[in-house]
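Residue numbers count from 1 along this sequence. Computed from heavy atoms alone, side chains included, the values below leave out hydrogens, waters and symmetry copies.
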Amino acid sequence: MGVSRSSPEKGISVVTVDYPPVNALPVRGWFALAEAVRAAGRDPEIRCVVLAAEGRGFNAGVDIKEIQAAGQDALIGANQGCAEAFAAVYECETPVVAAVQGFCLGGGIGLVGNADAVVASEDATFGLPELDRGALGAATHLARLVPQHLMRTLYYTGRTASAAELHGHGSVWRVVPRAELPGTALELARQIAAKDGRLLRMAKSALNGIDPVDVRRSYRFEQGFTFEANLSGLAGRVRDTFGRSGKEGG
């Protein structure tokens, strides 16, 4: 359980998240994920990183129960950890391929929205249930996956979009049966890793440099409203309803 790294092929590093039962990451999990991705990117032998997960879903966001139990310290830690993990994916010195199965919610959108490429299983769904969790954030990253008006509709309603829908919008490279997801992600990573490593790192820097949105600054701006909602007591009142409907993650 936790975050692990493996190198199934030369030039490729796979960072795998495994926090049963739903991959809702505790504070330490977000920081561990950030360090694993950054370490992979720093390795001069690595030309592509695959971000994957074990279990039913890719990521269910932060561990709301940890925040309910630990209060402000856990909230601040989760916000800082998410910011670092999202930034680690975006700033990784090599391209990052996200392999998404099942649910991709909340913080999962932050990771996938900052990846360089996305492959998904047919059962993958993407969404931000933040308003139902007393929080705000990751609209920055959802806007990288779907058009602006759809992003707003998904954000306000908390509804999800399917992998097929995202493929239609061009943000998911391929949609495959779940059993084929690991192999498909490796296939794409293999194609990327076949390029010259130095040029790949230059290309990543160049593409980030022409990005119209500063994703780190934009996300931190969003998080300011989460703190405001929390300080006002609004977030706590909404968050305290978490779990009563049998839902997990956030």
Side-chain angles (χ1 to χ4, degrees), residues 23-24 51 57-62 64 78-79 82-83 85-87 89-91 95-176 181 188 207-230 232 234-235 238-239 241-242 245 247-250:
N23 281 327
L51 182 58
F58 176 78
N59 190 289
V62 303
I64 298 295
N79 281 355
C82 283
F86 301 169
V89 172
Y90 185 78
E91 296 165 0
V96 177
V97 174
V100 182
Q101 82 274 13
F103 45 81
C104 178
L105 304 172
I109 294 294
L111 298 171
V112 172
N114 271 358
D116 295 276
V118 185
V119 294
S121 61
E122 294 169 335
D123 65 344
T125 56
F126 303 77
L128 287 177
E130 307 308 277
L131 296 185
D132 295 329
R133 304 294 185 261
L136 295 158
T140 293
H141 312 93
L142 185 59
R144 298 167 69 82
L145 298 171
V146 299
Q148 183 69 211
H149 284 83
L150 178 55
M151 179 275 288
R152 289 172 178 254
T153 302
L154 293 174
Y155 197 87
Y156 294 145
T157 63
R159 300 189 64 172
T160 60
S162 69
E165 288 178 89
L166 265 62
H167 182 264
H169 292 300
S171 51
V172 169
W173 175 250
R174 287 188 62 189
V175 180
V176 297
L181 182 62
L188 178 55
L207 291 176
N208 282 4
I210 64 171
D211 207 319
V213 175
D214 182 333
V215 292
R216 182 188 274 267
R217 181 178 179 182
S218 179
Y219 177 59
R220 291 299 275 174
F221 177 82
E222 288 187 76
Q223 284 188 314
F225 289 94
T226 294
F227 285 118
E228 182 178 327
N230 193 73
S232 70
L234 173 60
V238 174
R239 196 161 52 239
T241 66
F242 171 75
S245 64
K247 295 179 180 179
E248 299 286 344

Item to complete: Check Gly107 against Asn59 and note the closest heavy-atom contact, atom names and distance.
Response: C-OD1, 3.9 Å

Fill in: Value rounded to 0.5 Å, distance of CD1 in Ile109 from CG in Leu128
5.0 Å

Practice prompt. Heavy atoms only: give me the nearest Ala98-Ala115 pair and the separation to one decimal.
Written response: CB-CB, 4.0 Å

Worksheet, complete the sentence: For Phe86 and Asn114, the nearest pair of non-hydrogen atoms, with its separation, is O-ND2, 2.9 Å

Practice prompt. May I have the step-by-step check of side-chain contact (heavy atoms from CB on, under 4.5 Å) for Val146 and Phe126, ending in yes or no?
Written response: CA-CA 10 Å; Val146 299; Phe126 303 77; over 6 Å; no

Worksheet item: For the residue pair Gln223 and Asn79, what are the closest heavy atoms and their distance?
Response: NE2-O, 2.9 Å

Discussion item. Taking His149's backbone N and O only, do any of them form a donor-acceptor pair with Thr153's side chain (distance below 3.5 Å, no angle check)?
Written reply: yes

Worksheet item: Step by step, would you call Thr160 with Thr125 a side-chain hydrogen bond (donor to acceptor under 3.5 Å, both in side chains)?
Response: CA-CA 6 Å; Thr160 60; Thr125 56; 4.6 Å; no

Practice prompt. Find out whether Leu136 and Glu222 are in side-chain contact, i.e. whether some heavy atom of one side chain is under 4.5 Å from a heavy atom of the other.
Written response: no

Discussion item. Side chains of Val119 and Val176, heavy atoms from C-beta outward: is any pair under 4.5 Å?
Written reply: no

Worksheet item: How far apart are the C-alpha atoms of Tyr90 and Asp211, what are their side-chain angles, what is the distance that settles it, and do they pass the side-chain contact (heavy atoms from CB on, under 4.5 Å) test?
Response: CA-CA 11 Å; Tyr90 185 78; Asp211 207 319; 2.9 Å; yes

Worksheet item: Is the shortest heavy-atom distance from the side chain of Phe58 to the side chain of Asn23 under 4.5 Å?
Response: no

Worksheet item: For Cys82 and Tyr219, what are the C-alpha separation, side-chain angles and deciding distance, and is it a side-chain contact (heavy atoms from CB on, under 4.5 Å)?
Response: CA-CA 10 Å; Cys82 283; Tyr219 177 59; 3.5 Å; yes

Practice prompt. Specify the closest pair of heavy atoms between Arg144 and Gly113, including all atoms of both residues, with the distance to one decimal.
Written response: NE-O, 2.8 Å

Worksheet item: Is the backbone N or O of Leu166 less than 3.5 Å from a side-chain atom of Ser171, with the two atoms forming a donor-acceptor pair by type?
Response: yes

Item to complete: Taking the side chain as every heavy atom from C-beta outward, state whether Val62 and Arg133 have any atom pair closer than 4.5 Å.
Response: no

Fill in: Leu150 side chain near His169 side chain, heavy-atom distance below 4.5 Å
yes

Response to the item:
Closest non-hydrogen contact found for Gly110 with Ala138 is N-CB, 4.4 Å

Practice prompt. Find the distance between CZ (Arg152) and OH (Tyr156) and round it off to the nearest 0.5 Å.
Written response: 5.0 Å

